[in-house]
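Notes for the one structure printed next.
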Amino acid sequence: MAAPKKGRRPAGGQSRPGRALALILIAMVALTGGMFWSGHTTPRLGIDLAGGTSITLKAKAEPGQDSAINPTNMNTAVGIIERRVNGLGVSEAEVQTQGDENIIVNIPRGTNEKQAREQVGTTAQLYFRPVLAVAAASPQTAPSATPSGSASPKPSASASSGAKVGEKSATPTATASPQGRALTEALKAPSPTPTASASSSAKPKATGTPQATPKPDPATAALQQKFATLNCLDPKARAAAGQGVKSSEPTVACGKNAIGQWEKYLLGPAEVDGRDVDKAKAGLDQRTGQWIVDMEFTDAGSKKFQSITSKLSQQTEPQNQFAIVLDGEVVSAPRVQTTLSASAQISGSFNQQSAQDLGNVLSYGALPLAFQTQSVDTVTAALGGDQLQAGLIAGAIGLGLVIIYLVAYYRGLSLIAILSLAVSALLTYVLMALLGPAIGFALNLPAVCGAIVAIGITADSFIVYFERIRDELREGRTLRPAVERAWPRARRTILVSDFVSFLAAAVLFIVTVGKVQGFAFTLGLTTLLDIVVVFLFTKPVMTLLARTKFFGNGHKWSGLDPKRLGAKPPLRRTRRAHAPVDAKEA
Amino acid sequence: MSKLGGLGARLHRGEVGYDFIGNRKIWYGLSILITITAIVALAVRGLNMGIEFQGGAVFTTPKSDVSVSQAQEFAEEASGHDAIVQKLGNGSLRIQVGGLDTDKSDQVRAELSKDLNVPEAKIAAELVGPSWGEQIATKAWTGLGVFMILVVIYLAIAFEWRMAVAALVALIHDLTITVGIYSLVGFEVTVGTVIGLLTILGYSLYDTVVVFDSLKEQTKDITKQTRFTYSELANRSINGTLVRSINTTVVALLPVAGLLFIGGGVLGAGMLNDISLSLFVGLAAGAYSSIFIATPLVADLKEREPSIKALRKRIMAKRASAAAKGESLDAADDLSAEAAVVGPRSGRRGTQEHRG
């Protein structure tokens with residue numbers, strides 16, 4: 001923050017007020033135009049003003065695992081929570097990290113708000129379900145539309161290890177059509193309804209669309225129908241597919257295959273769940289040099305896993321796979337090669353990242369970190385509206401009082417102050433409206449407070465400048481030189497003090513969390529705007545108005561009447577020479 | 001108002017002026033007294049920490065006919081914890097339940113909704129885990145520390161270390177007084193309070209910096225003259241910026257007063273009120289300290305500097321010899337004599353300008 005050099009003569013830009021005014025006018029028009037053009041004409045409101053629920057989660061470090069709380073894991077967690085909340089059909093829920101170890105989830109008022117709240121802090125639902133059928137992502141009927149994935153699924157690294165589960169490495173889209181009989185049988189398993197009969201041929205179909213069995217029980221038919229129509233390319237459908245399904249029932253789900261394409265799965269009831277996994281870790285296979293994921297099960301989990309793998313290893317493609325389903329989405333669907341129990345290894349076309357991701361998913365359920373709910377703030381729309389109204393009224397009253405005071409004290413001069421405050425207010429409003437979509441700024445109650453407090457800081461800049469001008473007038477100068485001479489000194493004071501104010505806001509913004517941050521942001525923003533307005537508006541307008549008769553001649557009501565100010569006559573005798581107080585700047 | 005303008009003129013010329021520096025011991029004493037009171041109050045009474053720092057829940061119901069005592073009964077029954085119930089300005093109830101964890105509070109909210117016969121969706125709830133407030137407090141302290149270090153470095157570079165030290169002392173002074181008042185009155189400390197306190201940081205220094213800026217300017221060539229001592233010049237800069245300080249403080253306090261009035265009057269309680277209350281106390285303390293504490297401290301520190309000490313000696317010697325000769329070279333006399341001459345003439349000039 002360079003304090004401007006003292007003694008710089010009021011020349012150059014300062015005597016050309018038109019340029020600065022044109023600049024700020026263009027900026028105002030451009031910003032306001034941008035605001036209308038973007039369609040965001042009001043600032044986005046925070047939960048406390050609009051109503052809704054705001055949840056703060058804090059990452060909990062496992063003992064000795066402090067380094068687990070890192071930006072990568074936090075971002076993974078944000079992604080997972082976001083998917084989970086938005087998957088519930090809550091519109092525009094927003095999830096973001098705050099500070100190093102917090103995640104804020106803001107849920108606007110919506111139908112599923114309560115459910116979303118329940119979903120957020122909890123660890124994800126992780127299930128191992130047998131795969132009954134796999135198909136291409138969308139409910140296409142035209143054979144030609146089938147993705148051209150390799151038809152031969154490669155059993156990767158199969159022979160090398162007995163205790164291995166092969167990760168499905170290529171999309172078996174061509175073989176994807178469900179085999180009706182097995183499907184129906186599998187579907188029958190959980191429910192005792194002995195209705196279904198195999199009728200669909202086992203012949204692979206190029207359509208990728210499973211045929212509904214002619215006369216299954218209604219539940220099965222519904223599920224088949226759901227599977228047939230499921231479009232995994234649609235994010236909403238994807239999220240909705242696996243939601244709210246009981247673990248004991250079969251379901252449909254979407255998942256990405258090894259080459260990153262969406263596929264849909266028809267899955268049997270969960271046989272093993274996330275709690276059965278003791279730990280899982282990504283690692284490099286010493287022999288093959290490939291990335292693998294090691295899993296270990298708890299005692300109870302081992303038994304269940306043994307039973308599922310013994311069944312699955314007897315099956316043929318695709319029913320020899322089990323799907324690892326996280327929050328209703330298939331994260332991996334490894335093939336089972338042999339019966340396994342306490343520990344298992346998943347191998348396949350992993351890279352380091354995907355292996356670690358899967359390891360995380362398996363060990364933490366959903367989130368790479370455990371989270372603790374720090375605060376839940378539910379604000380009803382009515383209360384939010386009341387608070388917003390109260391904030392606006394308070395702001396208006398504050399502004400009104402300041403204006404009354406300025407008018408009473410500075411008379412005509414207050415016109416400049418009021419205009420400047422208006423410019424400042426307009427810019428603040430427009431920027432807040434634009435920063436909503438741009439960086440996710442939301443106007444919350446502390447931010448409103450920050451803006452109100454900033455009225456005082458903004459007004460102070462004018463007071464500093466006006467007092468300087470008045471001091472110059474008291475020295476016996478006429479207005480025009482006084483305006484120019486007062487500026488360099490006022491400018492330095494304004495910059496120095498605004499810097500302190502901005503420093504406080506910046507430190508607060510970086511260091512603190514939660515509501516404190518919103519407050520600091522507004523305070524910092526308005527402090528910066530204060531400088532812009534004083535330099536580009538207040539000073540040039542002052543220069544211009546000094547040329548008018550009203551101000552220039554020190555009209556009684558101009559606030560610059562030398563008589564009222566008790567000015568000295570223009571030429572003084574010797575005093576200035578020996579009083580350092582009045583030493584010239586130069 | 002024009003009276004204040006005229007006062008400004010006389011302050012500017014040094015005709016009138018309060019001897020802030022000369023009476024500094026009184027103000028130091030007063031501040032030490034207040035600070036000790038604040039610390040004692042803090043030690044004895046502690047602070048009334050709000051729910052955000054202890055963990056618990058605050059439920060805000062819509063306007064209802066249920067009485068405060070009834071609501072308290074309901075809340076205590078539903079939660080098994082002590083509850084504090086307030087009726088707010090708009091007729092709604094604010095029910096505060098301590099020690100409730102975030103899991104259980106949902107259940108309490110549901111029960112309250114049944115007891116009070118309002119839909120659950122209309123009850124606002126703020127649930128805070130016990131470690132959240134701790135985290136906010138820790139971060140706030142960190143912020144405070146970082147800010148103080150940075151600002152001291154900045155002031156030491158932009159001004160000088162003595163001013164940095166004095167500003168820091170004034171800042172700590174303001175914070176102590178504010179916290180002390182909170183402890184004495186028993187206002188509840190919430191996140192809003194913390195925000196207010198942190199804002200005082202910036203504002204208290206802002207005010208101090210403006211006075212220091214003027215002081216720096218006034219004392220730029222101090223060793224080249226033998227008329228005024230550093231303390232006298234410091235006193236003049238305080239007096240010279242006094243009108244600005246008053247105006248600034250008034251202008252800063254007005255919006256905060258608006259917040260306080262609206263926050264307390266309309267909504268009863270909440271963040272608006274909490275922020276503005278601590279701001280109000282802190283701003284007043286900040287204005288006081290920049291005039292009565294920070295600048296006198298700078299003068300005290302400065303007077304220990306050899307060159308300033310020597311200057312004072314020279315000035316004192318000069319004044320002594322002048323007094324011996326019976327001349328009136330004293331600064332104050334000189335100035336008032338001048339003012340007497342200046343007054344009427346400037347008046348005439350002003351009138352002429354009006355006509356022209």
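Only heavy atoms go into these numbers, but all of them, side chains included; no hydrogens, no water, no symmetry mates. Every chain is numbered from 1, with letters handed out A, B, ... down the list of sequences.
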Per-residue contact mode, [X] against chain A (heavy atom under 4.5 angstrom):
{"X": "B:Val250", "value": "side chain"}
{"X": "B:Leu150", "value": "both"}
{"X": "B:Thr60", "value": "side chain"}
{"X": "B:Phe59", "value": "neither"}
{"X": "B:Ile157", "value": "neither"}

How far apart are the closest heavy atoms of [X] and [Y], and which atoms are they?
{"X": "A:Ala394", "Y": "B:Gly258", "result": "CB-O, 3.9 Å"}
{"X": "B:Ile275", "Y": "A:Pro446", "result": "CD1-CA, 4.2 Å"}
{"X": "A:Gly456", "Y": "B:Pro255", "result": "N-CG, 4.4 Å"}
{"X": "B:Val243", "Y": "A:Tyr409", "result": "CG1-OH, 3.0 Å"}
{"X": "B:Leu259", "Y": "A:Ile452", "result": "CD2-CD1, 3.5 Å"}
{"X": "A:Tyr405", "Y": "B:Leu254", "result": "CB-CD1, 3.9 Å"}

For [X], is it the side chain, the backbone, both, or neither that has a heavy atom closer than 4.5 Å to a heavy atom of chain B?
{"X": "A:Asn102", "result": "side chain"}
{"X": "A:Phe466", "result": "neither"}
{"X": "A:Thr56", "result": "side chain"}
{"X": "A:Gln389", "result": "neither"}
{"X": "A:Leu401", "result": "both"}
{"X": "A:Ile457", "result": "both"}

If you round to the nearest 0.5 Å, how far is [atom2] of [Y] from [atom1] of [X]?
{"X": "A:Leu508", "Y": "B:Leu144", "atom1": "CG", "atom2": "CG", "answer": "9.0 Å"}
{"X": "A:Asp377", "Y": "B:Leu127", "atom1": "CG", "atom2": "CG", "answer": "8.0 Å"}
{"X": "B:Leu205", "Y": "A:Ser501", "atom1": "CG", "atom2": "OG", "answer": "10.0 Å"}
{"X": "A:Asp471", "Y": "B:Thr241", "atom1": "CG", "atom2": "OG1", "answer": "10.0 Å"}

Close side-chain approach of [X] and [Y], heavy atoms under 4.5 Å:
{"X": "B:Tyr154", "Y": "A:Val496", "value": "yes"}
{"X": "B:Glu126", "Y": "A:Val379", "value": "no"}
{"X": "A:Val500", "Y": "B:Val151", "value": "yes"}
{"X": "B:Asn247", "Y": "A:Glu467", "value": "yes"}
{"X": "B:Glu217", "Y": "A:Arg492", "value": "yes"}

Short N-O contact, A:Arg489 and B:Asp213, less than 4.0 angstrom: no

